[in-house]
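These notes concern the structure reproduced below.
On a predicted model such as this, the values are computed, not experimentally measured, just so you know. Heavy-atom basis, side chains included; hydrogens, waters and symmetry copies ignored.
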Amino acid sequence: MRFAVMDYVIFLGYIIGIVFLGLWVSRTKKGHEKNSEDYFLASKALPWWAIGSSLIAANISAEQFIGMSGSGFAIGLAIASYEWMAAITLIIVGKFFLPIFIEKELYTIPEFIEKRFSTNLKTILAIFWIALFIFVNLTSVLFLGGKAIDTILGNGDGSLIIYAILGLAFIAAAYSLYGGLSAVAWTDVLQVALLVVGGLITTILALNHVTPEGGVFRGLAHIYETAGDKFHMILSRDNPEFFNLPGIAVLIGGMWVANLYYWGFNQYIIQRALAAKSLKEAQRGLAFAGFLKLIIPLFVVIPGIIAYVMFTQPEGTTLIPGVKEAFLKPDGAINFDKAYPWLISVFIPTGLKGLVLAALTAAIVSSLASMLNSTSTIFTMDIYKPYINKKATEKQIVFIGRLTAAAALVVAIIMAPVMGNIPQMFQYIQEYTGLVSPGILAVFLMGLFWKKTTNKGAIIGVISSIVVALFLKTPAVDLPWMDQMFYTLFITMAIIVGVSLTTSPDVDDPKGIPLTAATFKTDSAFNISAYAIMIILAVLYTVFW
């Protein structure tokens, strides 16, 4: 089932609509020239519902729709821990990290490092984050997005990938380069609604076709009965995917490193909260995003399990010609990441197919726009302004922000095709980001909550963390990469403590942050949300343990 005229009309209507909306919401009032706060922090006017929606739109991309569905095919529901544990992580970030960030009126996460430690450390981390955004995040999202569109609109042979990459890049650039965070955040409200609806449509229709009898609930019962081993959240050591999700360590180990780093200290995520009307709005926005994270596995993991059932037991499902061949590479290996786009191409009918592709594109474009804006924010505010042009006017700052985003996009377009031939892209991104995230998380945690932490301790800690991470990654150690992250975090924290006490014994660092109980006080709406999320998570892990 290929695209019909109606599908193209719906899809093109989405593209035109989202670009128009982005340009319209970011327009400036007559006589007002867009300044750095307008461009990078959306004039600090975002309400909680826009913050929560934008957080999810920035987070959910091809990495989840394609990569996590692929991991759902390979691993099962256990991969949903990234989503469900993110819900409680958002509560932790909202209560313990965000009050300090907003009180310090930050534009960027590296700016916190400068205020707490030193300009040198800030610059090191700023350069690292720019490289990470361009060469890992932007390139992977572009490639996975291009791969999905190639499967849906073409034959899945790669012939359309480069054109899809260029198209996705153009859509993201069309409104985000001009409008900045305002354009990104306000369009995300529409995009997150579209991606949730489109994602649920795909899951519902695929479940309806997974058994000859039809029916969503019958389909759900069928995949649970025939692939029950795919519905365990905690994998046993004999599971072939144990090294990707190492059992109970997912709950009490390295998953916390990945989640706290990503949701607490990732510029393109936390930037939305920094743009809030107030701390209360920001915290409610994070709680709203936490509830949304609870439902995301329904349309980014379950489709992968459905595809697995159809691949392994086609005789017990709706018979689809060539289902085996669809997932096999020329060398006979399984192409896990083809699960989601294959379901769309096979089961979504005319009209809805255009809507579902628009939802997938919305997820990709919103993430691209977020990453571009954050890359330009870090370069402009942390490198250009302090080092290249200290006397830059607001007009020059906004211009450089746009130019930086455009340059980052061009580099990512060139690099994206290199990401081919990587199995389980989602796991790949998590694993190799994990080489550096424990050290950075250690620096932030110690800087936030231990006043004796010194600049020298932080620098030596973050550099030594790379050495520790590489050592733990050697075959001789033989640890799951998530455990490697966990041990790297605590070894790095121990190094920071040792160096700090040696260089400044019994004295609080002058830049240490004074904390009181009032710093972490939250309102009743946030508290009720936090308890509700914890109860729901306890039930989910009990049922699917």
Side-chain angles (χ1 to χ4, degrees), residues 1-22 53-54 56-69 72 141 144-156 160 163-165 167-168 170-172 174-175 184 186-210 214 216 219 292 295-304 306-307 318 320 338-369:
M1 292 174 63
R2 294 301 173 191
F3 261 48
V5 173
M6 178 61 71
D7 295 303
Y8 285 111
V9 169
I10 292 172
F11 181 59
L12 290 174
Y14 152 73
I15 294 173
I16 294 169
I18 207 67
V19 172
F20 173 79
L21 178 62
S53 299
S54 191
I56 297 304
N59 166 241
I60 300 300
S61 182
E63 184 181 337
Q64 273 75 20
F65 269 107
I66 310 304
M68 193 171 277
S69 288
V141 169
L144 284 173
K147 183 178 179 180
I149 292 174
D150 175 67
T151 302
I152 297 167
L153 293 182
N155 297 314
L160 293 181
Y163 301 106
I165 287 172
L168 291 168
F170 172 78
I171 298 169
Y175 66 90
V184 175
W186 289 110
T187 54
D188 280 351
V189 176
L190 174 62
Q191 308 238 63
V192 80
L194 186 59
L195 71 87
V196 169
V197 171
L200 289 176
I201 286 173
T202 303
T203 301
I204 289 168
L205 291 179
L207 283 172
N208 194 51
H209 286 84
V210 78
V216 173
L292 292 176
I295 66 171
I296 284 171
L298 287 175
F299 52 86
V300 299
V301 179
I302 297 299
I306 295 170
T318 300
I320 305 296
K338 198 172 181 180
Y340 197 86
W342 180 80
L343 289 174
I344 293 176
S345 65
V346 172
F347 294 118
I348 306 301
T350 299
L352 283 180
K353 192 174 299 225
L355 179 65
V356 170
L357 180 60
L360 179 60
T361 305
I364 297 165
V365 167
S366 59
S367 293
L368 287 174

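Between Leu168 and Ile149, some side-chain heavy-atom pair lies under the 4.5 Å cut-off. Here the side chains of Val192 and Ser366 are not in contact, with every heavy-atom distance at 4.5 Å or above. By the 4.5 Å heavy-atom criterion applied to side chains, Asp7 and Leu357 are not counted as neighbours.
Expressed to the nearest 0.5 Å, how far CG of Leu195 lies from CD1 of Ile60 amounts to 7.0 Å. Here the OG1-CG distance, from Thr202 to Leu298, works out to 12.5 Å after rounding to the nearest 0.5 Å. One finds the CD1 atom of Ile18 at 4.5 Å from the CG atom of Leu190 (value rounded to the nearest 0.5 Å). A distance of 6.0 Å separates OG1 in Thr187 from CG in Leu21, rounded to the nearest 0.5 Å. The structure places CG of Leu200 at 10.5 Å from CG of Leu205, a figure rounded to the nearest 0.5 Å. Rounded to the nearest 0.5 angstrom, Ile204 CD1 and Ile302 CD1 are separated by 12.5 Å.
Of the possible donor and acceptor atoms, none in the side chain of Ser54 sits under 3.5 Å from a partner among the backbone N and O of Val189.
In this structure, Ser367 and Ala58 approach most closely via the heavy-atom pair OG-O, 2.8 Å. Across every non-hydrogen atom of Ala172 and Ala369, the tightest pair is CB-N, 4.2 Å. Of all heavy-atom pairs spanning Ser69 and Tyr340, the tightest one is OG-CD1, 3.5 Å. For the pair Thr203 and Pro303, the tightest heavy-atom approach, listed with the atom from each and the gap, is OG1-CG, 3.5 Å. Taking every heavy atom of both residues into account, Gly354 and Ile10 meet most closely at C-CG2, 3.9 Å.
With sequence neighbours excluded, the residues forming a ring-ring contact (aromatic ring centres under 6.0 Å, His included) with Tyr8 are Phe3, listed by chain and number.
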side-chain contact (heavy atoms from CB on, under 4.5 Å) between Val301 and Ile296, intermediate numbers included: CA-CA 8 Å; Val301 179; Ile296 284 171; over 6 Å; no

